[in-house]
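First up is the structure itself, then whatever we jot down about it.
Lettering of chains follows the sequences in order, A, B, ..., and the numbering in each one begins at 1.
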Number of protein chains: 2
Amino acid sequence: MNSIKSHKKTANTRLAMINAAIEIFGRDGYHGANNRELAKKAGVNLALISYHFGGKEGLYLAVFEHIAAQIKLRLEPLTAQLQLDLLSLSNVDVDDNNAKDQSLKIIESLLFAYIELLATEQTAVWIKLILAEQQAPSPAFAILYRGPISHLLQLLSQPVAFYLQKNPDHMMVKLTTLNLIGQIQIFRSFRQTVLQHTGWQDIKADELDLIKQQISLNVQALLAGLSIAK
Amino acid sequence: MNSIKSHKKTANTRLAMINAAIEIFGRDGYHGANNRELAKKAGVNLALISYHFGGKEGLYLAVFEHIAAQIKLRLEPLTAQLQLDLLSLSNVDVDDNNAKDQSLKIIESLLFAYIELLATEQTAVWIKLILAEQQAPSPAFAILYRGPISHLLQLLSQPVAFYLQKNPDHMMVKLTTLNLIGQIQIFRSFRQTVLQHTGWQDIKADELDLIKQQISLNVQALLAGLSIAK
DNA sequence: AATTATTAATCATTTGATTAAATAAATTGA
DNA sequence: TCAATTTATTTAATCAAATGATTAATAATT
């Protein structure tokens, strides 16, 4: 597999296989998926799974490499901008109310981006794969964590730390960052419960607006309260 | 299966199989588990899976019946008490600060109970099974939802609604309730990420105390902020 | 011509389920 | 009470289908 020399069409074949694999691994899980259905959906021969990826497991890992790269690509423009915003923040007096407002805006931007990421039809399958790895980590988890996950956490920790006037390494900052993500993540990880409890049929544009609205209120209330509390 | 007449040992055998199944389904997922290992772990013959439960799927459903019953049993004392507290709340003036404090206490009690539920070694496996159902609901999900899940949501909605001076059916109440649960649920559903981000080795007593402490602060800050905002 | 990619056919295991026989427990009748 | 009988439970052996992987032949690309 992964030979140095390759034909022109090879990349296409591999991509077709990875896309099929995302769909089927996402739907059925690693064990529930089988190579024949995988190959059929990709429109290629069964033996190509072993030929290109060394087997089912290799294909599974390739899927996570692909997803990590895609998420990075998708978040890059936003995170580049926010890095700049954060830089300008660090030179500002912490008691400046304007600066607090700005850090709040950065937090909101990141959380809204995460909401969008959770919601898109395409990424919905990614999140399923990621959730599976969170419960039973395989070597694929490292690919994810060293990629987009730690990136998002690091980025979000900074404005939270600034707002709470603490070091990003402070446990309170870390926990609060996780709590913020949790408020959103619940809509994917407890998807079925959310649908039942709200009476929604699906989580589409209208529902996302409601969620964003609520999250916006929550973030302001939570951080304002926390920064007063201690 | 499930014959009307049964011998004395039958209940023990079934329970041994269910307990083994919880462990193995939780670890490997429905598809990843296989009947031979299941039977071996339970210390019974392979054919008993079909005999007692009609097959692998029947055993899987029986697992969820068992879990739902266990969670109910475990939360019953607390919820009975809180129902009473809620009843006394409903007769009180909403502007009474004491009443607000009390509703906050009820919320905290429920969330702390949920944290404990997430944390126990035994229940950890249950949550894994529940999470799997959230992603790809099978008939087992209905067993869960009609049982402990909707119960917890209904119960938690009431003090939240009281505090926010809204109807429990109001979407803001529903979303806030879910957000509160999400803040906690993240510690299980993103378990591996939490461990990496915090540097924890495991989530045990010490870590649970930190989480509770933070959640306590969050709930106060969040609800106070929200009830002022609107 | 040589290398790389793809295919059809096949192999060896695994797996869920079934069957028929054996064992254990409950029930019956004296 | 206690053997005889019925019923329920458990076991070992086996089946048929599914599955991941491999092989040898063919096609495409360089």
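- Across the protein-nucleic acid pair, A:L48 atom CG and D:dG20 atom P stand 16 Å apart, rounded to whole Å.
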Report task. Output, in order, the C-alpha distance, side-chain angles, deciding distance and verdict of salt bridge (charged side-chain N to carboxylate O under 4.0 Å, His left out) for B:K212 and B:E207. Result -> CA-CA 9 Å; B:K212 282 185 187 171; B:E207 292 81 15; over 6 Å; no
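- Contact between the side-chain N/O atoms of A:H7 and the OP1/OP2 oxygens of D:dA27 is not found at any separation under 4.0 Å.
- Using a 4.0 Å cut-off, no side-chain N or O of B:H52 falls inside it from OP1 or OP2 of D:dA8.
- Proximity of residues 21-45 of chain B to DNA chain C (heavy atom under 4.0 angstrom from any strand atom) is restricted to B:A33, B:N34, B:N35, B:R36.
- As judged by a 4.0 angstrom heavy-atom cut-off over every strand, B:L46 is placed among the base-contacting residues.
- A donor-acceptor pair shorter than 3.5 Å can be found between the side chains of A:S138 and A:E133.
- Rounded to whole Å, the distance from NZ on A:K56 to C1' on C:dT13 is 14 Å.
- Listed pair B:T13 / D:dT9 fails the phosphate criterion, with no side-chain N or O lying under 4.0 Å from OP1 or OP2.
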Report task. Check the pair B:K204 / B:D209 against salt bridge (charged side-chain N to carboxylate O under 4.0 Å, His left out), numbers first and verdict last. Result -> CA-CA 9 Å; B:K204 297 268 184 194; B:D209 282 344; over 6 Å; no
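- The one candidate from A:Y60, A:W126, A:F64 that meets the ring pair (Phe, Tyr, Trp, His ring centres under 6.0 Å) condition with A:F25 is A:Y60.
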Requested in this report: Show your working on side chain to side chain contact (heavy atoms under 4.5 Å, CB included) between B:Y30 and A:H31 and close with a plain yes or no.
Outcome: CA-CA 9 Å; B:Y30 179 79; A:H31 292 288; over 6 Å; no
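- Going from atom OH of A:Y51 over to atom P of D:dA28 covers 15 Å, rounded to whole Å.
- Side-chain atoms of B:Q214 and B:N218 form a donor-acceptor pair, as typed in the model, at a separation below 3.5 Å.
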